[in-house]
Amino acid sequence: MSITVSTSVYEGPFDLLLNLILKEEVELYEVSLSAIVDAYLTEMESLDTCDLEAATEFLLIASILVELKTRRLLPVHERAERDDEFGLWEERDLLLARLLECKTFKDAAVSLRRMAADAALSRPRRAGLEDRFAHLAPDLLEGVTTHDLRTAFMAAMAPRPSIHVDTDSIAPIRISVAEAVALVANELPARGVVTFRHLTRALVDRIEVVVWFLAVLELYKLGVVELDQLDNFGDIHVGWRPGADRGDVDLIDAYEG
Amino acid sequence: MVDETVDGAEDVDVEARRAVEAMLMVAVDPVPPNLLAQLLELPTKRIEAICEGLADAYEAEGRGFALVRVGGGYRYQSHPDQAPWVERFVVDGQSSRLTSAALETLAIVAYKQPISRAQVSAIRGVDVDGVMRTLQQRGFIDEVSRDAGPGNAVFFGTTREFLERMGLDGVSQLPPLGDFVPGPEVVEALERGLRSDPDPVVAEVADGGQSVAPTEASGPAAPEG
Amino acid sequence: MVDETVDGAEDVDVEARRAVEAMLMVAVDPVPPNLLAQLLELPTKRIEAICEGLADAYEAEGRGFALVRVGGGYRYQSHPDQAPWVERFVVDGQSSRLTSAALETLAIVAYKQPISRAQVSAIRGVDVDGVMRTLQQRGFIDEVSRDAGPGNAVFFGTTREFLERMGLDGVSQLPPLGDFVPGPEVVEALERGLRSDPDPVVAEVADGGQSVAPTEASGPAAPEG
């Protein structure tokens with residue numbers, strides 16, 4: 001089987017997976033890693049300069065493929081023994097969901113490109129005011145300091161952040177339940193009643209939301225928070241129980257399921 | 001003459017029409033109809049009717065420019081079919097194209113706003129800091145809020161500049177995200193590709209397909225106990 | 001209908017008229033008729049006749065805008081008798097704050113002067129003509145020199161008025177940048193902007209007196225995933 005890897009085409013590991021699975025119509029675990037590596041090395045040699053970004057990106061993709069292939073080799077029965085809620089099958093489903101989401105936005109982006117191309121056929125008039133009206137316009141320098149200028153200049157000239165490779169790209173669990181318990185206990189007393197959705201709106205992965213949910217349940221069990229849900233599947237309202245003692249919470253040092 | 005477009009051609013409408021033309025001509029950004037309504041002391045509906053009338057008249061007269069509603073207001077722009085001439089005339093940086101990485105990131109922000117950088121990264125599966133910064137620098141996205149919650153996350157949304165570049169009046173005009181959710185054959189192909197067991201569980205696949213619907217990713221449904 | 005203005009209404013004239021309308025609509029500065037003549041490959045006299053025809057037609061139709069010949073070129077502006085409405089729009093309808101795009105542009109000119117529009121545009125990755133014009137109109141920046149080279153690039157700097165408003169004696173008093181190093185793409189943009197070998201089309205346009213920015217289309221902004 002021959003696979004052409006063009007590093008400039010694949011924007012990330014999901015891209016590569018999508019392409020491998022959908023375009024090449026292969027079963028992921030049958031992809032020969034050595035074929036990809038060979039194609040990649042050929043590609044790199046043809047480049048005039050070594051592209052560090054492309055190289056690190058490729059390492060990431062390759063390691064994900066190795067990880068997935070390795071798992072394929074593990075006996076599936078072990079699954080029955082585990083207590084772990086976030087095991088192989090969940091990760092696979094999560095990956096599938098994320099691939100689908102990725103594909104959804106890829107297609108949405110194609111539509112955006114078309115819309116932008118259509119819109120680009122017209123250019124806006126930006127000539128603005130005739131000089132004779134300029135003196136009437138509001139004072140634009142009002143409140144602008146030299147510090148603002150410096151900040152604006154830095155923003156315009158700043159180098160772009162370097163690419164950081166996230167090696168936990170599949171279902172990373174960034175926080176433990178015990179840590180989430182501590183965070184909620186720190187924040188909630190000052191915030192009154194909030195919805196669970198609001199409490200977790202900055203979280204990235206579903207798995208993290210689950211962790212926070214377990215943390216809230218834990219606090220509920222301890223009797224320091226009150227929970228309320230008006231409708232089935234409606235927003236869950238979370239509030240610190242009046243008079244509850246934060247000290248009770250500090251006793252938790254590990255989450256025991 | 002364009003009187004037929006302002007049918008009845010009352011003096012008030014003729015005057016309002018001329019004032020609208022004058023004000024839009026000196027505006028730099030799209031002018032919201034309610035601002036025109038306020039200045040002219042006319043109902044917004046009337047302003048909208050006047051603007052639509054003007055737009056239709058310019059088109060009917062075969063003008064080389066157009067009046068369009070975009071980014072929440074009305075603006076003059078060159079007629080799309082004059083693009084070849086305008087391109088020759090204006091040589092500058094605006095025609096720079098967005099890479100597909102930038103467009104995908106933009107699509108995620110547009111549909112999921114407000115959204116944090118980390119959330120966008122999670123969807124794309126790669127670090128998006130550089131792309132997000134470029135999009136912000138070019139005015140397509142901007143910070144819309146900061147969260148008081150965990151991590152003090154900064155949330156991003158699209159700007160009026162984005163709407164103008166896409167030719168949209170508002171984000172509600174974006175095609176529904178549901179239109180892009182992959183069909184069953186794609187779900188099946190992906191499922192097959194990821195299969196780690198000779199014996200697929202179809203129900204789980206269906207769940208996986210549902211969970212990318214444009215709803216919010218957060219809510220883990222109801223508590224079980 | 002405006003056919004009477006292009007008497008004879010040949011196809012060539014109709015097409016030229018539309019192209020002229022489109023180009024004048026997007027122009028920031030008055031457009032010299034010989035530039036239009038060059039682009040459309042028509043005699044300058046013919047272009048002048050087309051423009052005069054358009055100006056008469058707009059006047060006859062009672063448009064709120066006018067096409068006038070000013071400063072060696074043609075431009076659209078609001079009709080003089082609509083001045084009260086335009087004044088109202090300027091006073092009540094305009095934001096009184098510098099947009100972040102305008103502030104960044106002003107800051108770049110302040111710190112990097114003398115600098116050409118093309119260079120500013122390359123750094124910001126977007127067309128800055130409109131913003132630069134506003135800043136110049138407000139008296140914050142002005143032309144400080146012209147390049148003797150082939151592109152005849154115009155260089156801008158901040159004005160005395162700007163310094164006074166900021167409470168500065170000179171630009172050397174701007175807050176120091178410390179050991180700040182601009183990104184490589186910005187350095188590249190500056191270097192590209194300084195190169196004095198514009199491609200032929202750009203040279204033609206610049207010779208025509210139009211101050212459009214001879215930036216390469218790409219700009220510094222193409223992000224790679």
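Given the structure is predicted, the values throughout are model-derived calculations rather than measurements. Residue numbers start from 1 in every chain, and the chains themselves are labelled A, B, ... in the order their sequence lines are given, proteins ahead of strands.
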J.: Which heavy atom of B:Met166 sits nearest to which heavy atom of A:Leu112, and what is that distance?
T.: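 Smallest heavy-atom distance, with atoms named: SD-O, 3.5 Å.
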
J.: What residue in B:Ile115, B:Val28, B:Ile108, B:Asp81 has the most heavy-atom pairs under 4.5 Å with chain A?
T.: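 With the most close heavy-atom pairs to chain A, the winner is B:Ile108.
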
J.: Is any NZ, NE, NH1 or NH2 atom of the basic residue among B:Glu164 and A:Arg126 found under 4.0 Å from an Asp or Glu carboxylate oxygen of the other?
T.: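 Counted as a salt bridge, because a side-chain N and a carboxylate O are separated by less than 4.0 Å.
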
J.: If you look at every heavy atom in B:Arg133 and A:Ala155, which pair is closest and at what distance?
T.: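 For B:Arg133 versus A:Ala155, the nearest heavy atoms are NH2-O, 2.6 Å.
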
J.: Do you know which of B:Ala66, B:Ala27, B:Ala83, B:Gly167 has the most heavy-atom pairs under 4.5 Å to chain A?
T.: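 If we count pairs closer than 4.5 Å to chain A, B:Ala83 comes out on top.
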
J.: Taking the side chain as everything from C-beta on, heavy atoms only, tell me whether A:Met115 gets closer than 4.5 Å to B:Leu174.
T.: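 The answer is yes; the side chains approach within 4.5 Å.
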
J.: Hey, could you give me the CG/NE2 distance between A:Leu121 and B:His79, rounded to the nearest 0.5 Å?
T.: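 These two atoms lie 10.5 Å from each other.
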
J.: Test A:Glu101 against B:Arg124 for salt bridge (Lys or Arg N to Asp or Glu O under 4.0 Å), laying out the working first.
T.: CA-CA 9 Å; A:Glu101 192 167 42; B:Arg124 294 217 60 234; over 6 Å; no

J.: Check for a donor-acceptor pair, side chain of A:Ser122 on one end and backbone N or O of B:Ser78 on the other, with a separation under 3.5 Å.
T.: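 Yes, because the side chain of A:Ser122 sits within donor-acceptor range (under 3.5 Å) of the backbone of B:Ser78.
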
J.: Non-hydrogen atoms of chain A under 4.5 Å away: do they reach the side chain of B:Phe155, the backbone, both or neither?
T.: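 For B:Phe155, the side chain is the part near chain A, not the backbone.
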
J.: List in chain and number order the residues that pass side-chain contact (heavy atoms from CB on, under 4.5 Å) with A:Ala134, two or more places apart in sequence or in another chain; answer none if no residue qualifies.
T.: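 Scan of A:Ala134 (side-chain contact (heavy atoms from CB on, under 4.5 Å), adjacent residues dropped) gives C:Gln137.
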
J.: With a 4.5 Å limit on heavy-atom distance, are the side chains of B:Gln77 and A:Arg125 in contact?
T.: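 No, their side chains stay 4.5 Å or more apart.
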
J.: If you round to the nearest 0.5 Å, how far is CD of B:Glu104 from OG1 of A:Thr104?
T.: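 Separation between the atoms: 11.0 Å.
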
J.: Could you work out, with ring pair (Phe, Tyr, Trp, His ring centres under 6.0 Å) as the rule, every residue matching B:Phe180, not counting sequence neighbours?
T.: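 B:Phe180: no ring pair (Phe, Tyr, Trp, His ring centres under 6.0 Å) contacts found.
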
J.: Kindly compute the distance separating CZ (A:Phe105) from OG1 (B:Thr105), expressed to the nearest 0.5 Å.
T.: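 Rounded to the nearest 0.5 Å, the CZ-OG1 separation comes to 11.0 Å.
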
